[in-house]
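Note that these values count all heavy atoms, side chains included, but never hydrogens, waters or copies made by symmetry. What you see is a predicted model; the values in this text were computed from it and never measured. Whatever order the structure lists ligands and atoms in, that order sets their numbers, starting from 1.
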Amino acid sequence: MDYKVTLIPGDGIGPEVTEATQRVIAAAGVAIEWEPFLAGAGAIEAYGTPCPDEIIESIQRNRIALKGPISTPIGTGFRSVNVTLRRALDLYACVRPVKSLKGVPSRYEAVDLVIVRENTEGLYSGIEHMVVPGVAESLKIVTEKACMRIAEFAFRHARATGRKRVTVVHKANIMKLTDGMFLDVARQVSKRFSDIETNECIVDACCMGLVRDPSNFDVLVMDNLYGDILSDLSAGLVGGLGVVPGANIGDQCAVFEAVHGSAPDIAGLGVANPTALVLSSALMLQYMGEREAARRIEHAVEHVHAEGKVRTRDIGGDATTEAFTEALVAAITS
Ligand code: NAI
């Protein structure tokens, strides 16, 4: 085997889309030895914790993981495994390329933007407490160090991928210290990237601008919460959560996963669209230096969608996950 990669199939539709993705990677000719792990509610039953240390150690060793979605209980229960992994591995940059796919029905045709989300702090720091009964407080933590590295990442990413502009998304008019710092640091960093145009957008106006004409946007950099929300909004611009990939990247390792969650409403039915995780695996292969295999997978995804004969339910077809995966494998190997 050429590579060893940590595999977290997750729950809900996770195991279905993960298995499909493994098949597609194998068809693209990259031999991977997978190290699979349970996480989330299933891991609590088996190990007493939603994110066993063995997972973190495996990713630190292999430096790369492919991950399916993991359900997080709402309001109560265990802390999000996603947040735990991102923090423990310092996966500070979440990168989500949002691109129109020919054949996938959506309101827009030429969307091609990248959301770069700060992944380790902000309102996702998880520091919450009850002040007095009936009053709760959640702390938004913003550090200059985290602002600096995410801004630098966004500009470096823009330059490396031949993009022209970085939009800094913020709410510094209201959160003058936290978002003010994010904006100030991004302005400083932008001075070192004179080849990349920079502009600024208040988050609410940015939502309106994205819905009105997403082709005006290129790379967008923002804090954790805004990135979470704008990722789903942007997925809606290109046909939904089933088609948008993602990567969580740190200086030492990276975890590749789709934007979507565990989709409990369709779990186990065999109808999930694996496109998002398959495209995430193409990002993973690029990261590993397997550019040709990544390109073949992306072309296969584009080809099968453009042809439109095999479509999953979320984008207006009736194909099963299995049938769609077979179409991808056939497109890669033909
Ligand atoms: P969701 O993304 O799971 O589902 C939203 C809607 O999109 C549902 O109607 C679902 O059927 C559909 N959908 C999502 N992915 C799809 C796919 N690949 N193919 C076809 N349809 C798809 O979001 P929701 O319902 O808010 O979250 C469900 C659970 O997932 C929650 O427990 C949440 O915490 C977790 N979650 C986990 C994430 C992760 O592990 N990275 C990310 C987001 C949510």
Side-chain angles (χ1 to χ4, degrees), residues 6-21 24 37-44 50-51 55 65-87 89 91 94-96 98 101 104-106 115 117 119 124 126 224-225 227-249 254-281 283 301 304-305 310-325 328:
T6 306
L7 180 73
I8 307 169
D11 52 42
I13 60 168
E16 300 164 53
V17 292
T18 307
E19 201 212 318
T21 304
V24 170
F37 287 93
L38 280 178
I44 294 188
C51 189
I55 299 185
L66 182 70
K67 177 184 162 295
I70 298 172
S71 309
T72 308
I74 294 177
T76 56
F78 61 84
R79 185 166 188 222
S80 159
V81 174
N82 303 313
V83 173
T84 305
L85 283 178
R86 289 166 196 169
R87 286 277 206 77
L89 298 163
L91 304 170
C94 180
V95 183
R96 289 166 167 177
V98 180
L101 274 172
V104 175
S106 87
I115 305 267
R117 162 186 173 190
N119 230 359
Y124 285 38
N224 213 335
L225 177 65
D228 198 2
I229 298 169
L230 264 64
S231 296
D232 277 31
L233 183 152
S234 302
L237 305 173
V238 294
L241 286 163
V243 297
V244 178
N248 299 291
I249 299 177
V255 175
F256 296 83
E257 64 176 338
V259 173
H260 65 72
S262 55
D265 52 336
I266 56 165
L269 302 181
V271 297
N273 185 351
T275 298
L277 195 64
V278 168
L279 287 175
S280 306
S281 78
L283 297 177
V301 167
V304 173
H305 281 294
V310 189
R311 278 182 173 171
T312 45
R313 217 161 74 173
D314 56 313
I315 51 172
D318 59 6
T320 58
T321 310
E322 169 83 20
F324 186 80
T325 308
L328 286 180

List the closest protein heavy-atom neighbour of [atom]: residue, atom name, distance to the nearest 0.1 Å.
| atom | answer |
| --- | --- |
| atom 4 (O) of ligand 1 | A263 CA, 4.2 Å |
| atom 8 (C) of ligand 1 | D265 OD2, 3.4 Å |
| atom 29 (C) of ligand 1 | S262 OG, 3.2 Å |
| atom 41 (N) of ligand 1 | E257 OE1, 3.1 Å |

> Looking at atom 26 (O) of ligand 1, would you say a protein heavy atom lies below 4.0 Å from it?
Replying inline: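 Under the 4.0 Å cut-off, atom 26 (O) of ligand 1 has no protein heavy-atom neighbours at all.
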Would [X] count as a contact of ligand 1 if the rule is a heavy atom under 4.0 Å away?
| X | answer |
| --- | --- |
| P264 | yes |
| R313 | no |
| V259 | yes |

Go through ligand 1 atom by atom and flag the ones less than 4.0 Å from a non-hydrogen atom of [X].
| X | result |
| --- | --- |
| N82 | 37 (C), 38 (C), 39 (C), 40 (O), 41 (N) |
| P69 | 39 (C), 40 (O) |
| I70 | 35 (C), 36 (N), 37 (C), 39 (C), 40 (O) |
| K67 | 39 (C), 40 (O), 41 (N) |

>> Please evaluate residues S262 and S71 with respect to the criterion side-chain hydrogen bond (donor to acceptor under 3.5 Å, both in side chains), reporting the C-alpha separation (whole Å), side-chain torsions for both, the decisive distance (0.1 Å), and the verdict.
In response: CA-CA 6 Å; S262 55; S71 309; 2.7 Å; yes
Contact (N/O only, under 3.5 Å) between [X] and ligand 1:
| X | result |
| --- | --- |
| R86 | no |
| G261 | yes |
| L241 | no |
| A258 | no |

> At their closest point, which heavy atom of T312 faces which heavy atom of P274, and how far apart are they?
Replying inline: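 Shortest heavy-atom separation between T312 and P274 comes out as CG2-CD, 4.5 Å.
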Does any non-hydrogen side-chain atom of [Y] lie less than 4.5 Å from one of [X]?
| X | Y | answer |
| --- | --- | --- |
| L7 | F37 | no |
| L85 | C51 | yes |
| L277 | L66 | yes |
| N82 | K67 | yes |

> Do the charged groups of R96 and E257 touch, with an N to O distance under 4.0 Å?
Replying inline: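 Answer for the salt bridge query: no.
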> Below 4.0 angstrom, N of the basic side chain to O of the carboxylate: do R313 and D318 qualify?
Replying inline: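 Answer for the salt bridge query: no.
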>> Looking at non-hydrogen atoms alone, which of L277, I266, N273 comes nearest to atom 21 (N) of ligand 1?
In response: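 Answer by nearest heavy atom: I266.
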>> Tell me the nearest of I74, L85, I13, T72 to atom 33 (C) of ligand 1, using heavy-atom distances.
In response: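 That would be T72.
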>> Are more than 12 heavy atoms, taken from residues, nucleotides or ligands other than D265, located less than 6.0 Å from that residue's CG atom?
In response: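 Yes.
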>> Is it the case that over 12 heavy atoms from other parts of the model lie below 6.0 angstrom from the CZ atom of R87?
In response: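 It does: R87 CZ has more than 12 such atoms within range.
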> side-chain contact (heavy atoms from CB on, under 4.5 Å) with H260: which of P69, P245, S231?
Replying inline: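 Answer to the side-chain contact (heavy atoms from CB on, under 4.5 Å) test with H260 among P69, P245, S231: P69.
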>> As a test of understanding, state which of I249, N248, L283 forms a side-chain contact (heavy atoms from CB on, under 4.5 Å) with V95.
In response: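 Checked I249, N248, L283 against V95; only one passes side-chain contact (heavy atoms from CB on, under 4.5 Å): I249.
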>> Can you tell me which portion of V271 lies within the under-4.0 Å heavy-atom range of ligand 1? Options are side chain, backbone, both, or neither.
In response: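 The answer is neither; V271 stays 4.0 Å or more away.
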